[in-house]
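Heads up, the thing below is written out as structure tokens.
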Amino acid sequence: MNLLIGGMALALAVTAWVIHPMIFRRWGLLGDGSTADAVDREARRRVALAALKDVEYDRAAGKLDEQDYREIRGRLEAEALRAVRAADADSGSARRKSHTCGFANPSDSRFCAGCGQPLT
Ligand SMILES: [Zn+2]
């Protein structure tokens, strides 16, 4: 019985240890919340631009007809424009530094959030 309780306590402790960064990051206790938001906006910008590129590839490959292409492209363009403007508002400040991969990282970053390489 004690082994079962001990095992459950250990499993609970391990689970809490694994998920705590996800919870505390959102609360801003592990780092600067504005930095996390800036990284999120930069990631959204990259995803939106990649989605636009994908829809162009799909059209070139003949996977989309003209009507679907125009509908999807219009929606993705509006989304990409919002994402680029939000990310540009961040990169306009001096707190950003661009890595060679093109990802704009917060100035206090030690590693690139885009590719994982150490920043010099
Ligand atoms: Zn990088």
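For ligands, and for the atoms within them, numbers begin at 1 and follow the listed sequence. If you're wondering where the values come from, they're calculated on a predicted model, not measured in any experiment.
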Report the distance from atom CG of Asp58 to atom CD1 of Ile72, rounding to the nearest 0.5 Å.
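Between Asp58 CG and Ile72 CD1, I get 8.0 Å after rounding to 0.5 Å.
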
Quick one: pull up CZ in Phe103 and CZ in Arg45 and give me the separation to the nearest 0.5 Å.
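Output value for this atom pair is 8.0 Å.
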
Salt bridge check, Glu56 against Lys53: does any charged N sit closer than 4.0 Å to a carboxylate O?
no

Hey, is Glu79 close enough to Arg75 for a salt bridge, meaning N to O under 4.0 Å?
no

Name all residues meeting the side chain to side chain donor-acceptor pair (under 3.5 Å) criterion together with Arg44; count only those two or more places apart in sequence or in a different chain, and write none if there are none.
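So Arg44 forms no side chain to side chain donor-acceptor pair (under 3.5 Å) with any residue.
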
Which protein atoms of type N, O or S are found under 2.8 Å from the Zn ion (ligand 1)?
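Listed by chain and number, the atoms are His99 ND1, Cys101 SG, Cys112 SG, Cys115 SG.
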
I need the minimum non-hydrogen distance between Pro118 and His99, along with the two atoms involved.
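In terms of heavy atoms, the two residues are closest at O-NE2, 4.5 Å.
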
